[in-house]
Structures are given as structure tokens and as C-alpha cells.
Undergrad: 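Provided herewith is a single structure, encoded as C-alpha cells, for subsequent inquiry.
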Amino acid sequence: MATAPFPPVIQQSPSQHSSYYNTTYPSSLLSCLPKCTSLKELKQIQAFTIKTHLQNDLQILTKLINSCTQNPTTASMDYAHQLFEAIPQPDIVLFNSMFRGYSRSNAPLKAISLFIKALNYNLLPDDYTFPSLLKACVVAKAFQQGKQLHCLAIKLGLNENPYVCPTLINMYAGSNDVDGAQRVFDEILEPCVVSYNAIITGYARSSRPNEALSLFRQLQARKLKPNDVTVLSVLSSCALLGALDLGKWIHEYVKKNGLDKYVKVNTALIDMYAKCGSLDGAISVFESMSLRDTQAWSAMIVAYAMHGQGQDVMSMFEEMARANVQPDEITFLGLLYACSHTGLVDEGFRYFYSMSEVYGIIPGIKHYGCMVDLLGRAGLLHEAYKFIDELPIKPTPILWRTLLSSCSSHGNLELAKQVMNQILELDDSHGGDYVILSNLCARAGKWEDVDTLRKLMIHKGAVKIPGCSSIEVDNVVHEFFSGDGVHYVSTALHRALDELVKELKSVGYVPDTSLVVHPDMEDEEKEITLRYHSEKLAISFGLLNTPPGTTIRVVKNLRVCGDCHSAAKLISSLIDREIILRDVQRFHHFKDGKCSCGDYW
DNA sequence: CTAGGGTTAG
């Protein structure tokens with residue numbers, strides 16, 4: 001009887017097994033506790049301990065608290081706190097359990113303040129203490145405390161502990177200090193997969209995919225086995241870089257090692273294929289999945305949206321509803337994004353309103369951003385201005401920036417100036433804004449304004465992000481910057497590019513020098529500036545280094561420039577190569593002299 | 001009582 005498992009409380013009503021409580025020994029109570037999940041059950045058990053005078057049994061109380069902190073809610077943590085407070089001299093194990101609960105229930109500050117109490121009790125933190133607390137520091141953005149914990153871990157000789165070390169790395173990475181994370185990582189003699197995962201994830205999330213991938217190669221060289229988490233971060237790095245070949249290799253690895261049973265891995269694969277320009281790859285992963293959660297559907301919806309397939313986005317959304325999967329805020333971002341990129345204003349507003357009214361999802365700043373883009377793209381510039389002006393939350397400079405680029409594409413200089421004033425009040429350090437407005441002024445021939453803006457930009461110390469395009473050849477990602485002369489093949493590459501431009505001109509290409517805003521530059525100089533744009537460098541690098549007939553895939557960090565866009569169209573027909581260019585906001589598939597965006601972007 | 005995670009407007 002004493003060893004009999006406690007009955008499964010969940011299925012029975014309390015009255016049925018209250019007699020059982022009375023005949024049970026504490027040991028079976030102990031073994032049943034971890035299986036009890038609901039607060040109601042736990043309270044029943046506590047009531048039982050009072051009846052049997054076991055309410056002060058430390059072992060039982062510890063188990064009770066552990067049950068509360070396993071999958072904690074605010075209520076179960078309050079209850080755990082009550083139990084905890086009644087214990088006269090809690091040990092570090094009990095504190096650890098509380099830390100776990102608080103950090104898992106999104107109450108990081110409570111974890112941190114409880115830790116101070118533990119220190120006041122003269123308790124020494126152990127290897128179980130640090131992971132929960134470091135996580136709490138990340139959530140609470142308490143980086144000072146995080147660093148103090150790091151020092152403490154060093155003092156206690158726990159900084160290289162296999163459980164502590166990854167969380168230390170993660171704490172720095174989560175504080176936007178990947179270099180700090182790298183320093184922790186460098187100090188480990190024999191990093192395990194988990195430590196590699198932490199640092200790779202840190203780089204991937206800080207948009208430093210190259211470093212992430214080189215650590216991934218290091219991991220492989222050390223004969224460590226990548227797991228599902230490794231694969232997630234590596235795939236997101238591939239997606240950032242547009243490294244399709246590596247992504248495909250990872251996909252093979254995933255299949256070979258049975259990692260495709262993880263829904264998250266498949267979702268990351270969908271995203272990777274979509275962002276590397278292979279919508280077909282994304283679709284085939286999606287269709288291979290036996291189980292699809294909200295995130296998987298969202299990733300597929302966003303994939304269609306990115307590739308400008310608005311109709312597929314809508315039908316996917318309907319199919320998702322038929323499959324009884326609830327949409328989330330990201331699903332709606334995909335929907336709104338698709339509407340704005342396909343010019344479906346009414347449809348967009350319908351989804352926007354249904355979000356909160358039907359699905360109870362409160363629109364966030366990114367949803368508002370889509371709506372501004374939706375109106376702006378459609379040329380409803382004043383409506384967009386009014387929309388931002390009447391928002392229930394304070395607009396970010398990004399929202400105004402969205403409208404600024406709509407003003408630019410619709411050539412509305414007057415409104416652009418007003419929008420620029422709004423931006424400058426919030427953030428005057430963004431070089432791109434000055435460039436957009438100054439280009440608009442230049443097109444209107446207002447050279448004094450161009451000059452004033454340039455001076456203002458220099459005065460504010462605003463810098464424009466340099467254009468950068470990358471292309472993957474033989475598993476190596478090559479990056480090119482506008483006017484790049486430092487790449488190791490630059491001379492051969494420049495000669496090839498000069499040759500290419502000559503050929504293009506023979507079939508009617510006229511460099512659009514009006515895009516180079518510089519009153520003092522000669523036309524010839526402008527043409528050279530235009531010729532060495534990063535996207536042209538990357539495309540001609542691809543032409544030189546990949547077999548004839550294969551698709552060229554280029555990724556650019558900014559919007560594609562108009563001249564490069566028309567050049568790419570001509571190249572696709574002249575050399576009979578498909579070019580897929582991913583710019584900062586969408587895909588351009590160049591084929592037979594045409595682009596999938598229909599020249600509207 | 002231990003860690004690491006994918007999808008997010010412009």
C-alpha cells in the first residue's frame with residue numbers, strides 16, 4: 001500500500017478519493033505531487049497535510065512548492081510564496097525553486113529581490129541558482145545585476161559549469177552584448193553543444209550571421225553533434241544571408257537526423273527557404289508537415305506575402321481557420337503586409353478591424369506600420385498622415401519614415417517636408433531620411449534645398465547605411481559594398497562589370513544618372529558611381545563564378561536602386577539568367593527581361 | 001530546483 005502510486009487526481013472528484021488520502025503514507029504523497037499540476041489539486045493536498053499534521057513537513061512543502069514552480073502562473077506563484085514565507089529557514093534548494101517559478105512566470109523582479117533575501121540568509125548560490133536568475137536578468141533587462149551574477153559565478157568557480165555557462169552567454173547576448181557573450185565563450189576550454197547554441201543564437205539574433213555560421217563550422221570541426229536548437233539558429237542565419245545552399249544542406253541534415261519531428265525546425269526551414277528566394281522550398285516543407293501550429297501557418301503566410309502572392313496569403317488564412325488553428329499577431333502582420341504590397345486597401349482595413357473585434361488581438365506598432373504603408377503605397381498620403389496623427393499610441397520615427405518613402409515614390413515634396421519635420425523631432429540621426437528628401441528636392445530641381453539638407457545631415461552627424469549586397473558561391477557568402485574596391489577579386493570583377501555595362505548599353509541600357517544626387521558631379525562620374533553599386537557588383541560576381549544557366553541569388557541590405565533594377569531586367573534577358581534579388585523589403589525575380597514586382601516597389 | 005529556440009511593418 002505504501003508504495004502504491006497515488007491515484008491520478010485529475011480524473012477524480014475530491015470526494016471520491018478523500019478517503020484515500022487518510023490511508024496514504026507521506027511517501028506516496030511525495031511521489032504523486034510532481035504529477036499534480038493544477039492549483040486546485042495542490043490546495044487539496046495541502047488541506048490533507050493539515051488534516052494529517054504534516055503541514056510543516058519540509059520535504060512535502062518543498063514538493064508542493066516545486067509543483068507550483070514547474071509550470072507557474074501568477075496565481076500558483078502567489079500560493080508558492082505563501083507556503084515559502086511560512087518556512088522558517090528555507091535552504092538554497094527551496095530558493096532555487098522559487099527563482100525558477102518567478103523567472104518562468106515572467107516575474108523577474110521578484111526573483112531578483114528574493115535572491116537578495118537569500119544572500120541575507122547567508123546562503124551560497126549553487127549551479128541551480130544561476131540559470132533561473134540570469135534568465136530573470138535578461139527578461140527584466142537588469143544587465144548590471146546580470147554582470148554582478150557573472151562576477152559571483154567566477155568567485156564561486158561556477159562560471160564554467162555546463163549549466164551556468166550557457167546562461168551566462170545568453171545573458172550577455174540577451175543584453176545586446178554579443179561581444180561580452182563571446183568573451184565568456186572564449187574562456188571555456190571544452191564548450192558543449194549548448195554553449196555553442198547560446199553563442200550562435202546570440203550572433204543570429206544580433207544580425208551577425210557570418211559569425212554565427214563560422215561558429216557552426218567550428219562546432220562541426222570539433223565533432224559535436226548539432227541538435228534542434230543549433231539548427232534553428234543556423235537556419236535563421238542562412239535566412240539573414242540568403243545562403244540557400246547551406247540552408248539546403250541543413251535541411252538534409254535535419255532529415256537524416258530526425259530533427260524534422262520538431263515543428264519549430266520545420267517552421268525555421270519554411271522561413272529560410274522563403275527568405276532565400278525559394279518559395280517552392282517553403283511550400284514543400286509546409287506540405288510535408290503532419291502537425292502545423294500557429295507559427296508554422298504564420299511563417300507560410302509571411303512567405304507568400306514576401307513573394308508578393310497576395311491571393312495565396314488570403315486562401316492560406318482561410319485554410320488555417322478551417323484547420324482550427326488560431327491566428328496570432330504575426331499572422332496578421334503577414335496579412336496586412338500582403339494587402340499593402342498588392343494594393344488591397346479595403347481588404348487590409350477589413351483584416352485590421354477583425355483583428356481586435358473578432359480575434360481579440362490588440363494591434364501593435366508594426367500593424368499600424370502596415371496600415372500606413374497600405375495607405376501610402378496606394379497614394380492616399382494625406383489619409384496616411386491623418387492615420388498616424390490619430391493613433392492611440394505615440395508614433396515612432398519608423399512610422400513617419402514609412403510615409404516619407406511613400407511621399408517619395410508618389411513625388412509629393414510638400415507633404416514629405418512636413419513628414420520630415422515630424423521625423424526630425426523624434427530622431428535626426430537617420431541618414432536615409434535626408435537622402436530621400438534630398439533626392440525628392442533634386443528631382444524638383446531645388447538645389448538650394450538639397451544643399452541645405454546635406455549640410456544639416458553633416459551637422460547632425462547622421463550617416464547613411466552603406467549599400468551592401470551579398471551572394472553565396474560554393475558555400476561562401478561574398479559581400480559587396482557600393483563602390484567597393486577592396487574585395488579580393490576587385491580588379492577582375494570591375495573589368496567584367498565594365499564589359500557587362502558595355503554590352504547592356506548595346507541593347508538599350510541608359511544609366512539613370514538622375515538617381516545620383518550631386519550637383520558638382522560630371523555625368524561620367526555619376527555613371528561610374530552607379531556602375532559600382534553593390535547589387536551590380538554582386539550580380540556580376542555571380543555571373544563570373546557560377547555555371548551558365550543557374551539562378552543568381554543576391555541579397556541587398558537596402559531597397560534596390562532604380563538603375564540596378566532596370567539593369568538586372570536587361571541582364572536576365574541578355575545573358576539568359578534568372579536573377580532573384582532580395583532587397584530589404586521584398587523579392588524581385590528577374591526573368592526574360594521582366595521583374596515579378598511589375599516595376600512597382 | 002538546472003540551459004539553449006523559429007515566424008514580426010519600413
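Letters go in sequence order (proteins before strands), and every chain restarts at 1.
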Undergrad: Report the nucleotide, chosen from B:dG10, B:dC1, B:dG5, that has the shortest atom-to-atom distance to any side-chain atom of A:T402.
TA: B:dG10

Undergrad: Rounded to whole Å, how long is the line connecting atom CZ of A:R559 with atom P of B:dG10?
TA: 8 Å

Undergrad: Given B:dT2, B:dT8, B:dG6, identify the nucleotide with an atom nearest to the side chain of A:Y163.
TA: B:dT2

Undergrad: At under 4.0 Å between heavy atoms, what does A:S298 touch on the DNA or RNA strands: base, sugar-phosphate, or nothing?
TA: base

Undergrad: Between A:R104 and B:dA3, is there a side-chain N or O to OP1/OP2 distance below 4.0 Å?
TA: yes

Undergrad: Does a nitrogen or oxygen in the side chain of A:R586 sit under 4.0 Å from OP1 or OP2 of B:dA9?
TA: no

Undergrad: Are OP1 or OP2 of B:dG10 and a side-chain N or O of A:H341 less than 4.0 angstrom apart?
TA: yes

Undergrad: Tell me the interatomic distance from A:F130, atom CZ, to B:dG4, atom P, rounded to whole angstroms.
TA: 15 Å

Undergrad: Which nucleotide, B:dG10, B:dC1, B:dG5, lies nearest any side-chain atom of A:V229?
TA: B:dG5

Undergrad: Let me know the distance between CE of A:M171 and P of B:dG4, rounded to the nearest Å.
TA: 12 Å

Undergrad: Using a heavy-atom cut-off of 4.0 Å across all strands, would you classify A:I270 as base, sugar-phosphate, or nothing?
TA: nothing

Undergrad: Tell me the interatomic distance from A:K135, atom NZ, to B:dG5, atom C1', rounded to whole angstroms.
TA: 11 Å

Undergrad: A side-chain contact here means heavy atoms from C-beta on lying under 4.5 Å apart; do A:S408 and A:N439 qualify?
TA: no

Undergrad: Any idea which of B:dG10, B:dT2, B:dT8 is nearest the A:D373 side chain?
TA: B:dG10

Undergrad: Provide, to the nearest angstrom, the distance between the CZ atom belonging to A:F286 and the P atom belonging to B:dT7.
TA: 17 Å

Undergrad: Side-chain N or O of A:R100 versus OP1/OP2 of B:dT2: is the shortest distance under 4.0 Å?
TA: yes

Undergrad: Using only side-chain N and O atoms of A:N170, determine if any of them is under 4.0 Å from OP1 or OP2 of B:dG4.
TA: yes

Undergrad: Start with the C-alpha distance between A:D280 and A:S278, add both sets of side-chain angles, then the distance that settles side-chain hydrogen bond (donor to acceptor under 3.5 Å, both in side chains), and finish with yes or no.
TA: CA-CA 5 Å; A:D280 293 341; A:S278 170; 5.9 Å; no

Undergrad: Looking only at side-chain atoms of A:T267, point me to the closest of B:dC1, B:dA9, B:dG6.
TA: B:dG6

Undergrad: A:V194 side chain: which of B:dT8, B:dG6, B:dG4 is closest?
TA: B:dG4

Undergrad: When you check the phosphate oxygens OP1 and OP2 of B:dG5, does a side-chain N or O of A:R205 lie under 4.0 Å from one of them?
TA: yes

Undergrad: Grab the CG-C1' distance between A:N557 and B:dG10 for me, whole Å please.
TA: 14 Å

Undergrad: Closest approach to the side chain of A:K264, judged atom by atom: which nucleotide of B:dT8, B:dT2, B:dG6 is it?
TA: B:dG6

Undergrad: Under 4.0 Å, heavy atoms only, any strand: does A:A239 hit a base, just the sugar-phosphate, or nothing?
TA: nothing

Undergrad: Could you tell me how far apart A:H367 (NE2) and B:dT7 (C1') are, to the nearest whole angstrom?
TA: 12 Å

Undergrad: Apply side-chain hydrogen bond (donor to acceptor under 3.5 Å, both in side chains) to residues A:T129 and A:D126 and explain how you reach the verdict.
TA: CA-CA 5 Å; A:T129 315; A:D126 63 8; 2.8 Å; yes

Undergrad: Quick one: which of B:dG6, B:dT8, B:dT2 gets closest to the side chain of A:K275?
TA: B:dT8

Undergrad: Output the distance between atom CG (A:L374) and atom NE2 (A:H367), rounded to the nearest 0.5 Å.
TA: 13.5 Å

Undergrad: Among the nucleotides B:dG4, B:dC1, B:dA9, which one has an atom lying closest to any side-chain atom of A:N66?
TA: B:dC1

Undergrad: Apply side-chain hydrogen bond (donor to acceptor under 3.5 Å, both in side chains) to residues A:Q82 and A:D78 and explain how you reach the verdict.
TA: CA-CA 6 Å; A:Q82 253 179 51; A:D78 285 346; over 6 Å; no

Undergrad: Grab the two heavy atoms, one from A:L336 and one from A:G348, that are nearest each other, plus how far apart they are.
TA: CD2-O, 3.4 Å

Undergrad: Between B:dG10, B:dA3, B:dG4, which nucleotide has the shortest distance from any of its atoms to the side chain of A:V193?
TA: B:dG4

Undergrad: Rounding to an integer number of Å, can you tell me how far A:D583 CG sits from B:dA9 C1'?
TA: 14 Å

Undergrad: Under 4.0 Å between any heavy atoms, over every strand shown, what does A:D228 touch: base, sugar-phosphate, or nothing? Just pick one.
TA: nothing

Undergrad: Contact between A:Y385 and A:L403 at the side-chain level, heavy atoms closer than 4.5 Å - yes or no?
TA: yes

Undergrad: Once you apply a heavy-atom cut-off of 4.0 Å, does A:I365 come out as touching a base, just sugar-phosphate, or nothing?
TA: base

